[in-house]
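Values in this document were obtained by computation on a predicted structure and should not be read as measured data. Atoms within each ligand, like the ligands themselves, are counted from 1 in listed order.
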Amino acid sequence: MTLVCVPILFDDPESAAREAIEARDAGADLVELRVDRYFSGRGGDEPQGECHQQAERIAQLVARCPLPCIVTCRPVLEGGHYDGPDDARIALMERLGASAGGVAPAHGGAGRAPSYIDVELATFLRSENVRQKVRLAVDHPGQVRAVTTGLILSSHDFHERPPDLLRRLEAMNREPATRVMKIAFRARSLRDNLELLDLLAQSRGAGGAIKPLIALAMGPYGLMSRVLAPKFGAFLTFASLRRDSATAPGQPIIGELLNLYRFGAIGSATRVYGVVGWPVEHSLSPAVHNAGFEAIGHDGVYLPMPVAPGYEPFKATVLELAEHVHLDLSGLSVTIPHKEHLARLAHQQRTGWGDRWSLDRLTELCGAGNTLVIRRDPKGRPKGLAVHNTDGAGLVGVVRGAGVEPAGAEALVLGAGGMARAAAAALALEGARVWVLNRTPERAEALCADIARAAAALPEIGSAIAQRVLPIGRHELAARAPGIVVQCTPLGMAGGPDPGGSPLGAPELAGLPDRALVVETVYRPARTPLLDLARQRGLRTVDGSALFVAQAAEQFRLWTDRAAPSRLFDRVVRESLDADVAGP
Ligand code: NAP
């Protein structure tokens with residue numbers, strides 16, 4: 001079982017004691033008492049000296065800690081706050097180990113000694129004198145005293161993967177006093193997680209090839225190493241009590257780890273899903289899909305997966321993650337700016353690798369995909385990688401759900417970006433005649449020409465579709481009287497270029513048929529100026545969150561072969577959007 005450890009970096013032992021209770025109540029298994037901001041190491045060991053008094057109060061804090069604890073006095077050089085002499089902090093560790101008098105702090109109950117002390121490998125290797133003192137303070141095969149505290153040897157790099165990572169690990173593993181090894185470095189991409197996960201797998205179980213391990217990637221790319229720790233048998237993962245109390249970049253908060261990512265339910269067979277985009281930290285998809293997996297009992301976890309803009313980072317990341325046989329990557333949502341990259345990758349791979357990759361008709365037609373479904377063989381190798389576009393499929397779903405049949409309808413698509421392409425292609429495939437109106441008319445023309453070209457290359461679709469996706473000028477709108485309007489620009493979007501704007505004004509809406517349906521794709525906020533105007537005109541409307549839910553539900557069905565709990569999805573999305581409005 002992988003433990004959840006809450007780090008508590010404190011100036012005052014009283015506040016640390018309160019936070020330890022909070023950590024226990026939040027579901028932590030242990031706490032790390034980070035004494036390095038409190039313990040100065042100065043003033044010698046005179047009974048009245050500062051250092052002695054501080055050590056005494058730390059020992060009292062450990063004794064009354066409601067959870068087993070790790071004590072760490074991290075020096076500035078490894079990202080901590082301690083800048084006193086090494087001797088003093090090693091003496092503190094000796095004192096804490098010895099103060100136990102051999103009382104074992106079993107998991108689940110408080111003890112009088114720390115369960116572990118954490119000492120950096122660099123410190124440990126510095127001198128034989130340090131090594132001897134640390135060995136005296138911890139339990140190990142050569143220990144003659146009644147000591148229960150275990151040694152965590154650790155190594156941190158806040159910039160990148162250290163070139164000698166494996167040598168550091170070997171040194172930790174070789175030391176007989178090491179009970180747990182810890183390596184942490186800043187990830188430069190999602191791919192950096194994979195090496196750490198592989199190392200964790202080697203440490204798994206009683207007969208692991210190496211000692212128990214904590215392996216963490218720091219920074220925004222590292223969440224995967226933290227959340228998937230139980231899948232790969234890590235000794236523990238860290239989670240902070242609050243966003244502002246994280247002790248390392250990228251540390252999740254404990255509520256998210258346990259409730260959003262359902263850490264306790266993650267095991268070796270858990271399948272991994274995620275949303276690839278840039279940025280992805282505000283995506284609603286993790287909340288939606290994780291809640292859905294829980295509701296239907298699907299053994300899966302869904303993570304935000306940031307991938308920097310550009311085709312090359314996207315290609316390298318997706319291929320490496322998909323090919324990793326132990327990660328069990330089973331599905332991806334792909335969002336801005338990578339939807340076109342997904343279609344391109346599938347085309348490229350299909351040519352090079354036979355028929356493992358496939359694209360659905362809509363992705364072929366609009367040149368962008370937002371969903372990857374990965375089927376694996378019993379050895380974990382990907383045997384089928386299918387790209388879909390559920391933005392388009394979801395749109396058709398909400399249009400039909402509103403009682404409007406696309407076949408034979410006149411539809412107006414506003415915008416000529418990725419969403420507009422998916423909407424135009426999906427409605428045309430269903431038999432609608434689609435008019436595309438865009439701020440820059442040339443881009444609307446290019447959209448129509450691209451769809452016509454793609455359709456001509458697909459014998460099963462045929463060139464007739466070219467006649468059904470056409471650019472339009474604003475002055476022609478009234479003559480076309482579209483019964484379906486799909487708004488695919490960021491107008492009205494909170495934080496967008498024009499939050500108060502609407503692509504159609506009241507006079508243009510007045511010219512639409514009375515039974516026209518207006519579909520908004522913007523979902524932040526739930527009410528946009530266009531929706532307000534359309535409702536004032538008495539038209540039927542579908543808001544952006546309904547479309548979001550529909551496209552997510554289709555992804556969920558493709559990944560799990562089960563119908564999505566759409567009502568739950570809808571509730572999760574609306575609650576998240578309400579929370580946005582309420583603020584933190
Ligand atoms: P995109 O590729 O950036 O395209 C944006 C389009 O909007 C372009 O055609 C652009 O016109 C037009 N536009 C931008 N600013 C404008 C302005 N101030 N006035 C008039 N037109 C403007 O974006 P996208 O990926 O298609 O996304 C479009 C919208 O769809 C976004 O708001 C997104 O949130 C929403 N969306 C929703 C869902 C969902 O599930 N609900 C899914 C996907 C997308 P030019 O060509 O002239 O630049």
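You'll find the side chain of Val522 stays beyond 4.5 Å of the side chain of Thr489, heavy atoms only. Side chains of Tyr523 and Thr528 form no contact here, defined as non-hydrogen atoms less than 4.5 Å apart. Taking the side chain as every heavy atom from C-beta outward, Phe158 and Phe185 never approach each other to under 4.5 Å. Here the side chains of Ile253 and Glu256 are in contact, with some heavy-atom distance below 4.5 Å. Contact of the Arg433 side chain with the Trp435 side chain is registered, since non-hydrogen atoms from C-beta on lie closer than 4.5 Å.
Residue Glu410 places its CD atom among more than 12 non-hydrogen atoms of other residues, nucleotides or ligands, all under 6.0 Å distant.
Residue contacts with ligand 1 for Pro490 involve both N, CA, C or O and side-chain atoms from C-beta outward (heavy atoms, distance under 4.0 Å). Contacts with ligand 1 closer than 4.0 Å are made by side-chain heavy atoms of Lys339 only, the backbone lying farther away. Contact annotation: for Asp391 versus ligand 1, heavy atoms closer than 4.0 Å belong to the side chain alone. Both the backbone and the side chain of Phe548 come within contact range of ligand 1, each with a heavy atom under 4.0 Å. Counting heavy atoms under 4.0 Å from ligand 1, residue Asn438 touches it through the side chain alone.
Stacking of Arg344 on the aromatic ring of Tyr311 is recorded, both the 6.0 Å distance cut-off and the 45° axial limit being met.
Cys488 O, 3.9 Å is the protein heavy atom nearest to atom 6 (C) of ligand 1. Among protein heavy atoms, the minimum distance from atom 32 (O) of ligand 1 is reached at Val522 CG2, 3.4 Å. Among all non-hydrogen protein atoms, the one lying nearest atom 8 (C) of ligand 1 is Arg443 NH1, 3.8 Å. Ranking protein heavy atoms by distance to atom 4 (O) of ligand 1, first place goes to Gly417 CA, 3.3 Å. Atom 26 (O) of ligand 1 has as its closest protein heavy atom Met419 N, 2.7 Å. Scanning the protein heavy atoms around atom 25 (O) of ligand 1, the nearest turns out to be Ile336 CD1, 3.6 Å. Counting only heavy atoms of the protein, atom 18 (N) of ligand 1 lies nearest to Arg439 NH1, 3.4 Å. Here the heavy atom of the protein found nearest to atom 34 (O) of ligand 1 is Met493 SD, 4.0 Å.
To the nearest 0.5 Å, atoms CD (Glu445) and CG (Asn438) are separated by 10.0 Å. We find the CZ-NE2 distance between Arg186 and His159 to be 9.0 Å, quoted to the nearest 0.5 Å.
Atom 23 (O) of ligand 1 lies below 4.0 Å from none of the non-hydrogen atoms of the protein. When distances from atom 41 (N) of ligand 1 to the protein are checked, a heavy atom turns up under 4.0 Å.
For Thr440, a nitrogen or oxygen atom sits less than 3.5 Å from a nitrogen or oxygen atom of ligand 1, counting backbone and side chain alike. Between Thr521 and ligand 1, at least one N/O pair is under 3.5 Å apart. Remark: ligand 1 and Gly544 share an N or O pair separated by less than 3.5 Å (distance only, no angle test). Inclusion of Gly418 in the set of residues having an N or O under 3.5 Å from an N or O of ligand 1 is warranted. Taking any N or O of Gly415, backbone or side chain, none lies under 3.5 Å from an N or O belonging to ligand 1. The shortest N/O to N/O separation between Tyr523 and ligand 1 does not fall below 3.5 Å.
Between Glu364 and Arg361 there is no salt bridge, since no side-chain N of the basic residue sits under 4.0 Å from a carboxylate O of the acidic one.
Taking the six-membered ring for Trp, Phe293 and Phe556 have ring centres closer than 6.0 Å. Taking the six-membered ring wherever Trp is involved, the centroid distance between the rings of Trp559 and His289 falls below 6.0 Å.
The atoms of ligand 1 that sit less than 4.0 Å from any heavy atom of Gln551 are 40 (O).
Side-chain contact annotation: Lys315 with Gln348, donor-acceptor N/O pair under 3.5 Å present.
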